[in-house]
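Please read the structure below before turning to the comments.
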Amino acid sequence: MRGALPKMKKILKTLDISVNDGENINMGIRFEEITTKDFEKLSAFQPEGWNNIIPRFEQYIQFDFCHPVKMCDDNEIYGVAAAILYENTGWIAHVIINEKFRTKGFGAKILDYLCNYCKSKNCETILLFTTDMGYPLYKKYGFIDHATFVQYEKTAEIAYSPNSNIRKSEPTDHQKIFELDKMAAGEDRRNVLTPHLNSAYVYSRNDEVTGFYMKELFEGLIIAGDEESGLELIKLRSSHNTKATLPIENTAGNNYFKENNFKEIAKLVKMIYGNDVKFNGKYIYNRIGGSYG
């Protein structure tokens with residue numbers, strides 16, 4: 001069981017950091033929004049084992065609900081990160097400190113900035129996925145474990161037979177998609193879902209939509225209200241994807257991967273700060289991605 005959530009409060013204690021872009025912190029260091037002109041320098045921030053970070057920052061720049069920033073002075077970029085805003089929740093992503101400046105407190109400074117930015121945008125809850133490297137920083141700051149996700153990789157091809165209950169979504173399905181997603185995530189994420197509604201697949205049984213799959217939404221989100229819908233959508237997604245990531249509490253989904261030519265490659269911790277959300281991981285058959293939930 002999770003411990004009590006820390007109340008959302010004024011997070012800054014020792015640093016007078018404003019959420020206004022460009023304001024000096026100390027030593028001439030400031031926060032600025034990342035632009036395409038920064039991409040050449042961002043390549044030096046690429047962590048070993050991560051997917052290419054440049055395409056993700058290109059996406060952040062394009063979305064008005066994302067806030068990609070660099071912590072810099074006139075000569076150096078010390079760190080980069082992004083905040084993603086939903087209705088009243090925020091996500092922190094891609095917190096990366098320049099290797100030569102690690103262990104000097106810059107991670108805490110950029111985390112302070114991002115949390116205060118989210119709070120200034122009326123976020124009552126802040127969430128993130130963390131690596132082992134970042135976990136101590138977030139734990140010290142007050143984030144607590146919220147869920148564990150398991151990541152799998154395909155070891156052999158899987159035969160796929162189309163299911164007649166799966167079809168492309170229609171405008172009349174959109175509200176149901178929003179409802180299913182909020183039931184599972186406990187968040188109102190429609191700003192990231194909306195661009196993918198028309199290309200989504202739904203599982204419809206007896207004229208009722210019980211699950212959906214957004215193939216083009218980052219890692220390929222699958223939400224389903226029952227095991228039949230979720231497993232059939234997993235089979236569709238697995239026919240063209242080599243990896244999958246879902247909460248450990250989704251027993252049916254995890255059993256499917258263990259029994260069907262997938263191997264576990266990692267466990268990922270989702271952390272939370274502020275008000276709790278009604279997260280129901282058993283309905284999540286694949287996450288959006290590490291940045292978006």
Side-chain angles (χ1 to χ4, degrees), residues 46-56 58-59 91 93-94 128-134 146-169 177 180-181 184-185 189 192-193 195-196 199-205 210-270 279-293:
Q46 178 68 44
E48 184 178 355
W50 286 32
N51 292 331
N52 187 352
I53 65 173
I54 302 299
R56 188 52 56 88
E58 288 176 334
Q59 295 162 352
W91 279 76
H94 281 88
L128 54 84
F129 278 101
T130 182
T131 62
D132 290 342
M133 180 182 294
H146 192 236
T148 300
F149 280 59
V150 186
Q151 190 169 69
Y152 295 93
E153 185 171 49
K154 192 184 332 184
T155 60
E157 288 304 314
I158 301 171
Y160 174 67
S161 299
N163 187 297
S164 60
N165 289 329
I166 297 176
R167 59 170 173 79
K168 278 293 189 73
S169 71
I177 288 174
L180 285 168
D181 187 70
R189 308 191 295 187
V192 75
L193 301 182
H196 303 277
S199 59
Y201 294 89
V202 297
Y203 192 89
S204 179
R205 186 174 57 243
T210 52
F212 70 90
Y213 165 40
M214 290 189 166
K215 177 181 178 180
E216 298 176 5
L217 179 56
F218 305 115
E219 294 178 13
L221 175 65
I222 299 178
I223 303 290
D226 61 69
E227 292 183 8
E228 176 186 325
S229 307
L231 293 177
E232 290 302 321
L233 291 169
I234 275 182
K235 293 174 185 178
L236 170 59
R237 183 184 176 279
S238 297
S239 68
H240 51 261
N241 278 273
T242 59
K243 291 185 178 180
T245 308
L246 73 168
I248 199 168
E249 64 192 275
N250 186 330
T251 303
N254 280 279
N255 286 342
Y256 173 84
F257 290 117
K258 291 174 182 177
E259 297 166 2
N260 288 277
N261 297 328
F262 281 80
K263 66 176 180 179
E264 179 181 323
I265 57 173
K267 281 191 171 69
L268 309 172
V269 179
K270 176 187 172 189
F279 175 76
N280 291 296
K282 65 182 179 180
Y283 300 128
I284 299 175
Y285 286 77
N286 199 75
R287 69 175 185 175
I288 298 176
S291 303
Y292 300 90

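Here, residue 1 is the first one in the sequence, and each next residue gets the next number. These values consider heavy atoms only, across backbone and side chains, with no hydrogens, waters or symmetry-generated copies.
The minimum heavy-atom distance between Lys235 and Tyr160, with the atom names listed, is O-CD1, 3.5 Å. Taking each heavy atom of Lys154 and Ser238 in turn, the nearest pair found is NZ-O, 2.6 Å. Residues Val202 and Ser169 come closest through the heavy atom pair CG1-CB, 3.8 Å. Here the closest non-hydrogen pair linking Thr210 and Ser229 is OG1-OG, 2.6 Å.
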Checklist entry - Can you check side-chain contact (heavy atoms from CB on, under 4.5 Å) on Lys270 and Leu128, steps first, answer last? => result CA-CA 6 Å; Lys270 176 187 172 189; Leu128 54 84; over 6 Å; no
Next on the checklist: Show, in sequence, the C-alpha distance, side-chain angles and deciding distance for Val192 and Ile288, and conclude whether the side-chain contact (heavy atoms from CB on, under 4.5 Å) test is met.
Outcome noted: CA-CA 10 Å; Val192 75; Ile288 298 176; 4.1 Å; yes
Item to check | Derivation of the side-chain contact (heavy atoms from CB on, under 4.5 Å) call for Glu259 and Asn255 | outcome: CA-CA 6 Å; Glu259 297 166 2; Asn255 286 342; 4.1 Å; yes
Next on the checklist: Could you walk me through whether Leu193 and Leu221 satisfy the side-chain contact (heavy atoms from CB on, under 4.5 Å) test, starting with their C-alpha distance in whole Å, then the side-chain angles of each, then the deciding distance to 0.1 Å, before giving a yes or no?
Outcome noted: CA-CA 9 Å; Leu193 301 182; Leu221 175 65; 3.7 Å; yes
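Geometric assessment of Lys243 against the ring of Tyr152 yields a negative cation-pi assignment under the 6.0 Å and 45° thresholds. A cation-pi arrangement is found for Arg287 relative to Phe129, the charged atom lying closer than 6.0 Å to the ring centre and inside a 45° cone about the ring normal.
Considering CG of Leu246 and CD of Gln151, their distance stands at 10.5 Å, rounded to 0.5 Å. For the atom pair Phe149 CZ and Thr245 OG1, the distance stands at 8.5 Å (nearest 0.5 Å). The CZ atom of Phe212 lies 13.0 Å from the OH atom of Tyr285; values are rounded to the nearest 0.5 Å. Separation of atoms CZ (Phe257) and CD1 (Ile234) is listed at 4.0 Å; rounding is to 0.5 Å. Atom NE2 of His196 and atom CG of Leu217 lie 4.5 Å apart (nearest 0.5 Å). We find the CD-CG distance between Glu153 and Asn241 to be 12.0 Å, quoted to the nearest 0.5 Å.
With sequence neighbours excluded, the residues forming a side-chain contact (heavy atoms from CB on, under 4.5 Å) with Glu249 are Pro247, Phe279, listed by chain and number.
Around the CG atom of Asp132, the shell of radius 6.0 Å holds no more than 12 heavy atoms that belong to other residues, nucleotides or ligands. A 6.0 Å sphere centred on NZ of Lys282 holds no more than 12 heavy atoms belonging to other residues, nucleotides or ligands.
At distances below 3.5 Å, at least one donor-acceptor pair connects side-chain atoms of Asn286 with backbone N or O atoms of Gly220. With Glu227 contributing its side chain and Leu231 its backbone, the two residues share no donor-acceptor pair below 3.5 Å. In this structure a side-chain-to-backbone donor-acceptor pair under 3.5 Å is missing from Asn280 to Tyr283. Looking at Asn163, its side chain does come within 3.5 Å of a backbone N or O of Asn165 through a donor-acceptor pair.
For the pair Glu228 and Arg205, the salt-bridge criterion is met [side-chain N within less than 4.0 Å of a carboxylate O].
Ser204 is listed as a side-chain neighbour of Arg167, based on a closest heavy-atom distance under 4.5 Å. Using a 4.5 Å heavy-atom cutoff, the side chains of Tyr292 and Glu219 are not in contact.
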Can you give me every donor-acceptor pair (side chain of residues 260-269, partner residue at least two apart or in another chain, under 3.5 Å) with its distance?
residue, atom, partner, partner atom, Å
Asn260, ND2, Tyr256, O, 2.8
Glu264, OE2, Lys267, NZ, 2.7

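Judged purely by distance below 3.5 Å, without hydrogens or angles, the side chains of Asn254 and Thr251 never pair a donor atom with an acceptor atom.
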